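The structure appears below as C-alpha coordinates.
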Amino acid sequence: GAVVSQHPSWVICKSGTSVKIECRSLDFQATTMFWYRQFPKQSLMLMATSNEGSKATYEQGVEKDKFLINHASLTLSTLTVTSAHPEDSSFYICSARDGGKSNYGYTFGSGTRLTVV
Amino acid sequence: DAKTTQPTSMDCAEGRAANLPCNHSTISGNEYVYWYRQIHSQGPQYIIHGLKNNETNEMASLIITEDRKSSTLILPHATLRDTAVYYCIVRVGYGDMRFGAGTRLTVKP
(Lines give C-alpha, C1' and ligand atoms only; values in the text may rest on other atoms or scores of the structure.)
Protein backbone atom coordinates (compact mmCIF):
# COMPACT_ATOMS: atom_id res chain seq x y z
CA GLY A 1 0.00 0.00 0.00
CA ALA A 2 0.84 3.67 -0.08
CA VAL A 3 3.67 4.68 2.24
CA VAL A 4 4.65 8.14 3.40
CA SER A 5 8.02 8.55 5.05
CA GLN A 6 8.63 11.47 7.36
CA HIS A 7 12.07 12.47 8.57
CA PRO A 8 13.34 13.08 11.17
CA SER A 9 11.08 11.33 13.66
CA TRP A 10 12.28 13.64 16.38
CA VAL A 11 14.50 16.70 16.61
CA ILE A 12 15.72 19.02 19.34
CA CYS A 13 16.91 22.45 18.32
CA LYS A 14 17.97 25.66 19.98
CA SER A 15 15.70 28.65 20.05
CA GLY A 16 16.28 30.89 17.04
CA THR A 17 17.47 28.18 14.70
CA SER A 18 15.60 26.65 11.76
CA VAL A 19 14.51 23.06 11.35
CA LYS A 20 13.55 21.24 8.16
CA ILE A 21 11.16 18.29 8.11
CA GLU A 22 10.87 16.08 5.04
CA CYS A 23 7.84 14.19 3.84
CA ARG A 24 8.26 11.64 1.05
CA SER A 25 5.77 9.47 -0.76
CA LEU A 26 7.67 6.25 -1.37
CA ASP A 27 5.55 4.33 -3.84
CA PHE A 28 3.23 6.86 -5.39
CA GLN A 29 3.21 10.36 -6.75
CA ALA A 30 1.66 12.87 -4.39
CA THR A 31 0.10 15.77 -6.21
CA THR A 32 -1.07 17.22 -2.91
CA MET A 33 0.47 17.06 0.54
CA PHE A 34 -0.83 18.39 3.84
CA TRP A 35 0.96 19.51 6.97
CA TYR A 36 -0.54 19.25 10.44
CA ARG A 37 0.51 20.26 13.92
CA GLN A 38 -0.59 18.50 17.07
CA PHE A 39 -0.09 19.75 20.60
CA PRO A 40 -0.26 17.36 23.56
CA LYS A 41 -3.73 15.99 24.26
CA GLN A 42 -5.16 17.88 21.29
CA SER A 43 -6.30 16.90 17.84
CA LEU A 44 -4.45 17.45 14.58
CA MET A 45 -4.70 20.97 13.22
CA LEU A 46 -4.28 21.49 9.50
CA MET A 47 -1.53 24.03 8.87
CA ALA A 48 -1.23 24.12 5.11
CA THR A 49 -1.89 22.39 1.83
CA SER A 50 0.84 22.12 -0.76
CA ASN A 51 0.45 21.26 -4.40
CA GLU A 52 3.42 20.19 -6.45
CA GLY A 53 4.99 23.10 -8.28
CA SER A 54 2.87 25.82 -6.73
CA LYS A 55 2.75 27.87 -3.56
CA ALA A 56 1.28 26.35 -0.45
CA THR A 57 -2.08 27.45 0.89
CA TYR A 58 -1.93 28.24 4.59
CA GLU A 59 -4.74 28.00 7.11
CA GLN A 60 -5.85 31.13 8.89
CA GLY A 61 -3.52 32.00 11.71
CA VAL A 62 -0.54 30.04 10.37
CA GLU A 63 2.41 32.29 9.56
CA LYS A 64 3.64 31.47 6.08
CA ASP A 65 6.97 33.21 6.66
CA LYS A 66 7.60 31.10 9.73
CA PHE A 67 6.48 27.75 8.33
CA LEU A 68 8.03 27.51 4.88
CA ILE A 69 6.64 24.74 2.72
CA ASN A 70 8.24 23.51 -0.48
CA HIS A 71 6.71 20.87 -2.73
CA ALA A 72 9.21 20.78 -5.55
CA SER A 73 8.56 17.25 -6.75
CA LEU A 74 5.74 14.72 -6.80
CA THR A 75 7.38 12.71 -4.05
CA LEU A 76 8.79 15.30 -1.65
CA SER A 77 7.45 18.13 0.43
CA THR A 78 9.41 19.93 3.12
CA LEU A 79 8.34 22.04 6.07
CA THR A 80 10.92 24.44 7.49
CA VAL A 81 10.24 25.99 10.86
CA THR A 82 12.23 29.20 10.79
CA SER A 83 13.56 30.95 13.88
CA ALA A 84 12.00 28.30 16.07
CA HIS A 85 10.87 29.16 19.59
CA PRO A 86 9.73 26.95 22.46
CA GLU A 87 6.08 27.56 21.58
CA ASP A 88 6.75 25.86 18.23
CA SER A 89 7.48 22.62 20.04
CA SER A 90 4.88 20.21 18.77
CA PHE A 91 4.21 17.02 16.81
CA TYR A 92 4.25 17.76 13.08
CA ILE A 93 2.58 15.31 10.71
CA CYS A 94 2.34 15.25 6.95
CA SER A 95 -0.06 13.42 4.70
CA ALA A 96 -0.17 12.81 0.99
CA ARG A 97 -2.82 12.12 -1.57
CA ASP A 98 -2.10 9.66 -4.34
CA GLY A 99 -2.99 11.51 -7.51
CA GLY A 100 -3.70 8.29 -9.34
CA LYS A 101 -6.10 6.79 -6.82
CA SER A 102 -9.76 7.33 -6.19
CA ASN A 103 -10.94 9.22 -3.16
CA TYR A 104 -10.54 6.61 -0.47
CA GLY A 105 -8.31 8.63 1.80
CA TYR A 106 -4.91 9.98 2.42
CA THR A 107 -1.75 8.40 3.81
CA PHE A 108 -0.04 9.93 6.82
CA GLY A 109 3.57 10.02 7.84
CA SER A 110 4.66 8.84 11.26
CA GLY A 111 5.20 12.38 12.51
CA THR A 112 8.10 14.51 13.73
CA ARG A 113 8.35 15.57 17.33
CA LEU A 114 10.02 18.97 17.51
CA THR A 115 11.37 20.26 20.79
CA VAL A 116 12.78 23.77 20.87
CA VAL A 117 14.98 24.54 23.87
CA ASP B 1 -17.24 20.03 5.26
CA ALA B 2 -19.89 18.75 7.66
CA LYS B 3 -19.12 18.82 11.37
CA THR B 4 -19.03 15.56 13.30
CA THR B 5 -19.82 14.75 16.91
CA GLN B 6 -18.24 11.82 18.72
CA PRO B 7 -18.17 10.74 22.35
CA THR B 8 -15.03 11.83 24.13
CA SER B 9 -14.10 8.40 25.37
CA MET B 10 -15.22 4.78 25.41
CA ASP B 11 -14.09 1.55 26.99
CA CYS B 12 -14.32 -1.91 25.51
CA ALA B 13 -13.43 -5.35 26.82
CA GLU B 14 -10.79 -7.24 24.92
CA GLY B 15 -12.33 -9.69 22.46
CA ARG B 16 -15.66 -7.90 22.37
CA ALA B 17 -16.95 -5.70 19.59
CA ALA B 18 -16.24 -2.00 19.87
CA ASN B 19 -18.98 0.22 18.43
CA LEU B 20 -17.94 3.82 17.92
CA PRO B 21 -20.73 6.24 16.98
CA CYS B 22 -20.47 9.44 14.99
CA ASN B 23 -23.13 12.05 14.29
CA HIS B 24 -22.93 14.09 11.11
CA SER B 25 -26.41 15.54 10.76
CA THR B 26 -25.37 18.25 8.28
CA ILE B 27 -23.68 15.90 5.83
CA SER B 28 -24.32 16.72 2.19
CA GLY B 29 -24.96 14.32 -0.66
CA ASN B 30 -21.43 14.28 -2.03
CA GLU B 31 -19.62 13.92 1.28
CA TYR B 32 -18.01 10.69 2.37
CA VAL B 33 -17.59 9.39 5.91
CA TYR B 34 -13.99 8.49 6.74
CA TRP B 35 -12.58 6.86 9.84
CA TYR B 36 -8.97 7.15 10.95
CA ARG B 37 -7.28 6.22 14.18
CA GLN B 38 -4.19 7.50 15.90
CA ILE B 39 -2.19 5.38 18.24
CA HIS B 40 -0.16 7.38 20.69
CA SER B 41 2.66 9.41 19.10
CA GLN B 42 2.05 8.03 15.62
CA GLY B 43 0.49 9.39 12.45
CA PRO B 44 -3.18 8.66 11.79
CA GLN B 45 -4.02 5.35 10.15
CA TYR B 46 -6.80 4.96 7.60
CA ILE B 47 -9.48 2.47 8.65
CA ILE B 48 -12.44 2.65 6.31
CA HIS B 49 -14.71 5.02 4.43
CA GLY B 50 -18.15 5.01 2.82
CA LEU B 51 -20.71 7.14 1.06
CA LYS B 52 -24.09 5.59 1.83
CA ASN B 53 -23.71 1.83 1.77
CA ASN B 54 -22.33 -0.18 4.64
CA GLU B 55 -18.70 -1.15 4.16
CA THR B 56 -16.46 -3.84 5.55
CA ASN B 57 -12.76 -4.50 5.26
CA GLU B 58 -10.18 -6.49 7.16
CA MET B 59 -10.02 -3.93 9.93
CA ALA B 60 -13.59 -2.87 10.58
CA SER B 61 -17.15 -2.38 9.42
CA LEU B 62 -18.86 0.92 8.78
CA ILE B 63 -22.59 1.22 9.23
CA ILE B 64 -24.19 4.38 7.81
CA THR B 65 -27.82 5.14 8.60
CA GLU B 66 -30.23 5.48 5.73
CA ASP B 67 -30.53 9.24 6.19
CA ARG B 68 -26.72 9.40 6.43
CA LYS B 69 -26.89 11.59 9.51
CA SER B 70 -24.93 9.18 11.64
CA SER B 71 -22.60 6.23 11.36
CA THR B 72 -20.99 3.56 13.52
CA LEU B 73 -17.53 2.09 13.23
CA ILE B 74 -17.40 -1.50 14.41
CA LEU B 75 -14.23 -3.28 15.44
CA PRO B 76 -15.52 -6.85 15.64
CA HIS B 77 -13.02 -8.30 18.10
CA ALA B 78 -11.15 -5.53 19.86
CA THR B 79 -7.61 -6.17 21.03
CA LEU B 80 -5.35 -4.16 23.32
CA ARG B 81 -3.60 -2.84 20.20
CA ASP B 82 -6.84 -1.16 19.13
CA THR B 83 -6.49 1.32 21.98
CA ALA B 84 -6.28 4.65 20.16
CA VAL B 85 -8.09 7.87 19.33
CA TYR B 86 -10.63 7.29 16.57
CA TYR B 87 -11.59 10.11 14.27
CA CYS B 88 -14.74 10.32 12.18
CA ILE B 89 -14.32 12.79 9.31
CA VAL B 90 -16.84 13.88 6.72
CA ARG B 91 -15.64 15.48 3.54
CA VAL B 92 -15.95 15.56 -0.21
CA GLY B 93 -13.76 13.14 -2.08
CA TYR B 94 -10.71 15.28 -2.74
CA GLY B 95 -11.19 17.76 0.06
CA ASP B 96 -8.69 18.28 2.83
CA MET B 97 -8.84 16.15 5.95
CA ARG B 98 -9.82 18.07 9.08
CA PHE B 99 -9.85 16.36 12.44
CA GLY B 100 -12.24 16.86 15.33
CA ALA B 101 -11.56 15.76 18.86
CA GLY B 102 -12.24 12.09 18.17
CA THR B 103 -13.09 9.27 20.57
CA ARG B 104 -10.45 7.84 22.85
CA LEU B 105 -11.08 4.09 22.86
CA THR B 106 -9.51 2.09 25.64
CA VAL B 107 -9.56 -1.68 25.26
CA LYS B 108 -9.27 -3.37 28.62
CA PRO B 109 -8.14 -6.92 29.36
Side-chain angles (χ1 to χ4, degrees), chain A residues 1-10 21 23-26 28 30-51 56-60 62 90-115, chain B residues 1 3-9 22 27-53 55-60 62 64 71 73 83-106:
Chain A
V3 177
V4 171
S5 174
Q6 193 170 336
H7 179 80
S9 56
W10 62 270
I21 301 170
C23 180
R24 294 180 184 272
S25 56
L26 297 186
F28 66 99
T31 53
T32 304
M33 288 187 173
F34 304 87
W35 287 95
Y36 295 82
R37 180 169 52 181
Q38 185 176 33
F39 292 109
K41 299 188 184 300
Q42 294 186 21
S43 185
L44 287 79
M45 294 297 296
L46 179 65
M47 298 175 66
T49 301
S50 72
N51 292 297
T57 301
Y58 291 82
E59 293 297 303
Q60 192 172 9
V62 177
S90 188
F91 192 50
Y92 292 86
I93 306 167
C94 69
S95 74
R97 185 178 80 201
D98 185 342
K101 295 250 185 203
S102 63
N103 54 0
Y104 63 74
Y106 300 161
T107 304
F108 287 79
S110 55
T112 297
R113 186 160 302 282
L114 170 63
T115 302
Chain B
D1 293 340
K3 183 178 178 180
T4 61
T5 304
Q6 299 178 250
T8 302
S9 64
C22 179
I27 191 171
S28 59
N30 63 343
E31 289 182 313
Y32 289 74
V33 179
Y34 288 81
W35 283 85
Y36 280 79
R37 72 180 182 184
Q38 185 180 26
I39 297 171
H40 183 63
S41 294
Q42 297 182 23
Q45 175 189 23
Y46 167 81
I47 301 173
I48 199 167
H49 80 290
L51 182 62
K52 53 183 178 181
N53 297 323
E55 302 288 344
T56 296
N57 62 21
E58 64 278 6
M59 290 183 67
L62 174 61
I64 303 174
S71 61
L73 177 73
T83 292
V85 179
Y86 288 77
Y87 297 99
C88 168
I89 300 168
V90 173
R91 66 172 178 88
V92 296
Y94 281 109
D96 49 39
M97 195 77 69
R98 296 176 187 267
F99 291 77
T103 296
R104 182 172 299 277
L105 175 69
T106 302

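Owing to the predicted nature of the structure, the values given are computational and were not obtained by experimental measurement. First the proteins, then the strands, lettered A, B, ... as listed; each starts at 1. Hydrogens, waters and symmetry mates are skipped; everything else that's a heavy atom, side chains included, is used.
- In this structure, B:Phe99 has its ring center closer than 6.0 angstrom to the ring center of B:Tyr87.
- Counting only residues at least two apart or in different chains, salt bridge (Lys or Arg N to Asp or Glu O under 4.0 Å) contacts with residues 38-47 of chain A are absent.
- Only the side chain of B:Gln38 comes within contact range of chain A, with heavy atoms under 4.5 Å apart.
- Using a 4.5 Å cut-off between heavy atoms, A:Gln6 does not touch chain B at all.
- Rounding to the nearest 0.5 Å places CD of B:Gln45 at 6.0 Å from CD1 of B:Ile39.
- The aromatic ring centroids of A:Tyr36 and A:Tyr92 lie 6.0 Å or more from each other.
- For chain B, the nearby parts of A:Leu44 are the backbone and the side chain; heavy atoms of each come within less than 4.5 Å.
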